[in-house]
Amino acid sequence: MPELPEVEVVRRGLERWVAHRTVADVEVLHPRAVRRHIGGGEDFANRLKDQRIGVPERRGKYLWLPLEPTGGAVLAHLGMSGQLLVQPAEAPDEKHLRIRVRFADELGTELRFIDQRTFGGLSLHETGPDGLPDVIAHIARDPLDPKFDDAAFHEALRRRRTTIKRALLDQSLISGVGNIYADEALWRSRLHYERPTTGFTRPRTAELLGHVRDVMNAALAVGGTSFDSLYVNVNGESGYFDRSLDAYGREGEPCRRCGTIIRRRPWMNRSSYFCPRCQRPPRAPSAS
DNA sequence: CCGCGAGCCTGAGGGC
DNA sequence: TGCCCTCAGGCTCGCG
């Protein structure tokens with residue numbers, strides 16, 4: 001499940017293998033993979049043809065390839081199961097191959113978008129003065145962005161009448177955090193996922209942000225290693241997904257801090273993993 | 001305006 | 001063996 005670190009690994013791979021190449025031709029094999037492109041698959045393919053790709057950029061879980069010299073960008077979101085692979089042109093098609101991009105050079109490789117569940121997709125958009133695609137202008141900076149404003153985040157957090165995990169997953173407040181790293185950062189911070197954000201103090205916000213950054217940087221460090229091969233990957237091949245998580249996916253196993261059994265609770269059509277001793281629920285025990 | 005929850009999508013895995 | 005149910009969960013949209 002790609003969150004910020006996984007998407008950044010993909011971005012780096014694209015920078016190495018795809019930047020500065022010119023598109024020769026595009027095949028859209030599944031309409032849902034371009035559903036965010038207003039003009040549809042044929043228009044997507046026609047507009048991308050002959051464009052030169054610049055240095056890939058990322059904000060949160062979105063990444064985009066700037067197009068030169070005309071401007072605009074190919075925006076990519078991996079959703080739940082999306083992958084961007086650079087493959088030899090002669091490699092057999094993957095089962096869930098959705099989009100193929102061929103290049104006008106002799107490198108012999110092509111870019112493939114593969115997505116079993118088609119939550120993700122590619123689309124073309126105009127970009128603002130900062131190079132940001134217009135449709136993601138509402139996405140907040142992510143915590144690894146040097147321009148992320150910790151103080152502004154704290155104030156926004158206190159203004160929201162919501163609970164902390166909801167806030168962490170709200171991409172307009174802070175981007176790049178998904179279910180896994182939210183649970184991990186909350187475990188490290190000893191915070192229950194339903195704690196109201198209204199009462200957060202500056203030190204508490206600062207500690208939480210620190211843990212969010214730590215867990216993301218740790219994942220990034222591991223994900224970035226297996227990188228020399230001709231393979232832009234997400235979803236585990238580089239091994240970081242099975243690295244030691246402290247909370248997520250550990251239902252029934254002992255908390256690494258206190259030994260109490262980690263619990264899983266249904267939450268927002270998904271799950272929250274937490275240590276019932278380290279992460280005490282807020283006082284008025286709502287429907288935890 | 002804001003918080004909240006349904007629905008999208010497909011394959012793996014468990015129970016019977 | 002096969003069917004049905006649950007689970008995975010980021011994001012969009014509509015409701016109150």
Side-chain angles (χ1 to χ4, degrees), chain A residues 1-11 28-38 58-64 75-84 93-99 113-123 125 133-140 142-143 155-186 193-200 212 216 219 234-236 241-242 245 247-252 262-274 282 286-288:
Chain A
M1 284 132 270
E3 299 184 27
L4 185 155
E6 291 78 10
V7 178
E8 173 60 17
V9 169
V10 173
R11 192 204 65 77
V28 176
L29 302 159
H30 195 304
R32 208 176 130 77
V34 290
R35 69 190 181 285
R36 294 186 187 91
H37 183 81
I38 304 300
R58 180 189 57 73
R59 174 174 288 194
K61 303 171 200 172
Y62 286 91
L63 65 85
W64 64 94
L75 183 66
H77 197 287
L78 301 174
M80 288 294 300
S81 53
Q83 292 175 289
L84 282 164
D93 288 1
E94 291 76 6
K95 181 174 180 190
H96 300 294
L97 177 62
R98 308 303 192 193
I99 298 170
F113 178 71
I114 295 141
D115 192 1
Q116 178 213 118
R117 291 162 70 186
T118 62
F119 276 35
L122 306 185
S123 48
H125 302 278
D134 51 14
V135 291
I136 60 165
H138 66 291
I139 300 290
D142 61 67
E155 295 307 322
L157 200 59
R158 288 180 55 92
R159 276 197 301 273
R160 290 293 173 98
R161 279 195 298 275
T162 188
T163 47
I164 187 57
K165 186 169 172 182
R166 271 187 177 279
L168 283 177
L169 297 182
D170 184 337
Q171 305 295 301
S172 67
L173 266 181
I174 179 172
S175 68
V177 184
N179 201 42
I180 297 171
Y181 295 122
D183 279 4
E184 291 301 299
L186 290 171
Y193 56 96
E194 286 195 317
R195 184 159 293 277
T197 56
T198 333
F200 267 54
V212 168
M216 284 183 167
V234 63
N235 275 0
F241 190 65
D242 61 356
L245 294 168
Y248 184 85
R250 296 195 67 238
E251 181 185 24
I262 298 287
R263 308 296 293 269
R264 178 176 74 92
R265 288 277 185 276
W267 182 84
M268 294 274 297
N269 275 338
R270 61 202 71 185
S271 296
S272 276
Y273 296 87
F274 69 109
S286 50
S288 98

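These values consider heavy atoms only, across backbone and side chains, with no hydrogens, waters or symmetry-generated copies. So you know, we letter chains A, B, ... as the sequences are listed, proteins then strands, and number each from 1.
By the 4.5 Å heavy-atom criterion applied to side chains, A:D142 and A:I174 are not counted as neighbours.
Taking only side-chain atoms of A:H138, from C-beta outward, the nucleotide of C:dG10, B:dG11, C:dT12 with the closest atom is C:dT12. Candidate nucleotides B:dG11, B:dG3, C:dG10 were compared by shortest atom distance to the side chain of A:K61, and C:dG10 ranks first. When distances run from any side-chain atom of A:R160 to the nucleotides C:dT12, B:dC9, B:dG3, the shortest one goes to B:dG3.
Distance, A:H77 NE2 to C:dG10 P: 9 Å, rounded to whole Å.
Residues meeting the salt bridge (Lys or Arg N to Asp or Glu O under 4.0 Å) test with A:K61, sequence neighbours left out: none. Taking the ring-ring contact (aromatic ring centres under 6.0 Å, His included) definition, one finds that A:Y273 meets it with A:Y248, sequence neighbours left out.
Side-chain atoms of A:R35 come within 3.5 Å of backbone atoms of A:G120 as a donor-acceptor pair (strictly under, hydrogens ignored).
Look at A:H96 and you'll find a side-chain N or O under 4.0 angstrom from OP1 or OP2 of B:dG11. Taking only side-chain nitrogens and oxygens, A:Y273 comes nearer than 4.0 Å to OP1 or OP2 of C:dA8. Within the structure, every side-chain polar atom (N or O) of A:S81 is placed at least 4.0 Å from both OP1 and OP2 of B:dT10. The phosphate of C:dC11 has OP1 or OP2 within less than 4.0 Å of a side-chain N or O from A:Q171.
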Under 3.5 Å between N/O atoms: give me all the protein pairs with nucleotides 5-8 of chain B, atom names plus distance.
from	atom 1	to	atom 2	distance (Å)
B:dG5	OP2	A:R166	NH2	2.9

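For the residue pair A:R32/A:T118, the side-chain donor-acceptor check at 3.5 Å is satisfied.
Look at A:R158 and A:E155 and you find no salt bridge, because none of the NZ, NE, NH1 or NH2 atoms lies under 4.0 Å from a carboxylate O.
Heavy atoms of A:R264 sit under 4.0 angstrom from primed sugar atoms or phosphate atoms, though from no base atom.
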